[in-house]
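When a ligand or atom number is given, it counts from 1 through the structure's own listing order.
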Amino acid sequence: MLENRVNSIEINKKEFRKIGHQLIDDISDFISSIDQKPVTFNESPSQLQGILGNTSLPENGIPATELITRVTDLILNHSLLNGHPKFLGYITSSASPIGALADLLAASINPNVGAHILSPMATEIEKQTIQWLAEFIGVSPNYGGILVSGGNMANFTAFLAARTAKAPIIIKEDGLSNIPKKLTVYCSKTTHTWIDKAAILFGLGTKSVRWIQTDSTNKMNNKVLDETIKKDMANGYQPIMVIGTAGDVSTGVVDNLKGISTICKKYDLWLHIDGAYGVPAAVIPKYKNLFDGLSEADSIALDPHKWLYSPLEAGCTLVKNPQHLIDTYSSHPEYYNFSKSENEFAQNFYEYGLQNSRGFRALKVWLSLQQVGRSGYEKLISEDIELSEMLFDLAKKHRELEAISQNLSITTFRYIPFNYKEGNDYLNKLNEELLNELQTGGELFLSNAIVNEKYCLRACVVNFRTSKKDIEEIIDIVVREGKKTHLKLLEKK
Ligand SMILES: *Cc1c(COP(=O)(O)O)cnc(C)c1O
């Protein structure tokens, strides 16, 4: 019976081609008309559940053609479109179309990029991608690393490597309970929430995180950093690492990395730089100075799924001495026959990070890096910054807008009614309400930030589809909706 196995999961060649061609046609139509659609349809969870249908698990199979036709409609017509030119909320970029093709191809081969023997070409492509990413941001190509799911994972991967390198080595066997001194880590108060998760995950606890205050430019105050480390050491703690931020998630500020590096050298601490969003801007000669000190980092986190426009998910950890990753993550169970005694070194990525089986996420990054090239990215990222600056300037000139901050490609601003003289509390409420209106309206998508106690609208341009016209229209929409929201709130009073 199992000689000529007929099964319900294989799709025959003719059908696969038919479904595939139709799917590619639909995706192509979708991409080319994305600017005609609303950014979001603003459907409620119950509306969506209604559309999806409350059916139970199918007992018998449904033909693939039917499924793909239905899901194409579901996904294309009921999603928030972060590839829309007016999506400037959070740091979720438009995805490069070549990345979509790459994911299809990667899934078709389905290499397990945990071990070289299971993914010969895919492993080499990932190695090359990592080397190119190091070159891209201008650090030594000798940095090694690994691709992970995103910024959080990239930071976690580096955090544990730092702990292995700087904390007593017995932790690996005994855990944290027997070490003589409590471990501490240091970061600016603008650092992304991943740091709390890392402190919990790797057993230090959130109290071990020293959130250092910022200076007037919103950079970590390095003087306070130095004093805090000194004080902790005097009080019997063991500092292990400092995290510098290269493009903070709220307002895009880059810490004084050179200064942080000097402090790390002074106290023999691991320097980790969270550049998940911002560090690709180091590709622009004009901004190179802003990232001074980057090449002294022991580890760097960056997110190809942000400013390099990879589809989700793609993050990357770069480590100056990749041996630290092996020291942290490598093990050699008897059931792996991956270390052949050849002359040549074959890299097994399972030894470089937390994952075991791993997908081929390198392909989409590798292809985009080549499709666009270094100079192409320099242009794309520069233009994003220019558009962000343009938004700031237009807000500054408008009598009903207040421009608040502009760093890298993040602008914050807020709506202020004409001739408004009352306090900040109402403006905070008004702008929060306005943001809700804008987010559900579907014409554009912004997010929020709190800067100096002001509730701001926040626009982050990591979008190769955004143009000058979109920026001008965004100003008009915000002012129009701001007026309406103000009147609505006045009526409620
Ligand atoms: C986005 C971001 C993160 C988190 O990255 P994910 O890819 O969302 O996990 C961490 N740090 C900074 C600075 C970020 O901008």
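Of the protein's non-hydrogen atoms, Gly151 N, 3.2 Å is the one closest to atom 6 (P) of ligand 1. Among protein heavy atoms, the minimum distance from atom 15 (O) of ligand 1 is reached at Lys306 NZ, 2.9 Å. For atom 13 (C) of ligand 1, the closest heavy atom belonging to the protein is Asp274 OD2, 3.3 Å. Looking only at protein heavy atoms, the nearest one to atom 9 (O) of ligand 1 is Asn152 N, 2.8 Å. Looking from atom 10 (C) of ligand 1 to the surrounding protein, the closest heavy atom is His192 CG, 3.4 Å.
With no hydrogens or angles considered, no side-chain donor-acceptor pair links Asn424 and Tyr455 at under 3.5 Å. A donor-acceptor pair shorter than 3.5 Å cannot be found between the side chains of Ser208 and Thr184. In summary, the side chains of Trp211 and Thr191 do not present any donor paired with an acceptor at a separation below 3.5 Å, with no hydrogens or angles considered. Checking Gln347 against Thr123 by side-chain atom types alone, no donor-acceptor pair falls below 3.5 Å.
Just one residue in the list Ser250, Ser405, Ser447 forms a side chain to side chain donor-acceptor pair (under 3.5 Å) with Thr412, and that residue is Ser405.
Of all atoms in ligand 1, numbered sequentially from 1 with element shown, those under 4.0 Å from a heavy atom of Ile91 are 15 (O). Set against the non-hydrogen atoms of Ala276, the atoms of ligand 1 under 4.0 Å away are 2 (C), 3 (C), 10 (C), 11 (N), 12 (C), 14 (C). Ligand 1 places these atoms under 4.0 Å from at least one heavy atom of Gly150: 7 (O), 9 (O). The contact set between ligand 1 and Gly247, taken as ligand atoms under 4.0 Å from a residue heavy atom, comprises 13 (C). Using a 4.0 Å cut-off to heavy atoms of Tyr277, the atoms of ligand 1 that qualify are 15 (O).
Ring to ring, Tyr352 and Tyr329 are not that close: their centroids are 6.0 angstrom or more apart.
Under the 4.0 angstrom criterion for non-hydrogen atoms, Asp303 is in contact with ligand 1. In this structure, Ala154 falls outside the shell of residues with a heavy atom less than 4.0 angstrom from ligand 1.
At a heavy-atom cutoff of 4.0 Å, ligand 1 is contacted by the side chain of His305 but not by its backbone. Heavy atoms of Asp248 found under 4.0 angstrom from ligand 1: none, in either backbone or side chain.
Within 6.0 Å of NZ on Lys127 lie more than 12 heavy atoms contributed by other residues, nucleotides or ligands. Lys37 NZ: more than 12 foreign heavy atoms inside a 6.0 Å radius.
Ion pairing of Lys320 with Glu296 is absent here, as no side-chain N (NZ or NE/NH1/NH2) approaches a carboxylate O to less than 4.0 Å.
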